[in-house]
Amino acid sequence: MSDQIPLPAGAYRSLPPVTFDDGALLKFGREIHVQLRDLEAKFVVPRVHPKAFLGVARQAPRRPR
C-alpha cells in the first residue's frame with residue numbers, strides 16, 4: 001500500500017472539516033437505490049432477441065487455415 005502524503009497545514013483554511021455519518025450514508029444509499037429502481041421501471045425496455053430460423057442458425061465451427 002502507498003503512504004499518505006500529508007497536506008500543507010494551511011492549504012484549505014476556508015473549508016470546514018467534513019465528518020462522515022454512517023446513518024446518513026446508509027439512508028442516502030437506500031434512497032438512491034429506490035430512485036434507480038423507479039427509473040429502470042420507467043425507462044428500461046428489456047431487449048428481445050429475434051429467433052433464428054432453421055436456415056439462419058449458427059454454422060458448425062470451421063477449422064483454422
Side-chain angles (χ1 to χ4, degrees):
M1 295 185 65
S2 61
D3 296 330
Q4 293 278 336
I5 300 173
L7 294 174
Y12 303 104
R13 277 189 208 140
S14 61
L15 296 175
V18 177
T19 59
F20 291 100
D21 181 19
D22 291 337
L25 189 59
L26 186 62
K27 181 181 175 187
F28 174 77
R30 287 178 181 157
E31 291 174 357
I32 288 295
H33 181 70
V34 169
Q35 288 180 7
L36 285 175
R37 206 170 43 204
D38 291 344
L39 284 173
E40 286 178 353
K42 287 181 184 177
F43 298 109
V44 174
V45 178
R47 188 172 179 182
V48 178
H49 297 281
K51 293 186 178 183
F53 297 102
L54 294 175
V56 188
R58 288 185 178 175
Q59 298 176 351
R62 296 181 182 177
R63 294 183 56 188
R65 293 183 180 191

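Position 1 is the first residue of the sequence, and the numbers go up from there.
In terms of the side-chain contact (heavy atoms from CB on, under 4.5 Å) criterion, residue partners of I32 (sequence neighbours excluded) are, by chain and number, F28, Q35, L36. Among residues two or more places apart in sequence or in another chain, the side-chain contact (heavy atoms from CB on, under 4.5 Å) test is passed with R30 by L26.
The distance from the CG atom of D21 to the NZ atom of K27 is 10.5 Å, given to the nearest 0.5 Å.
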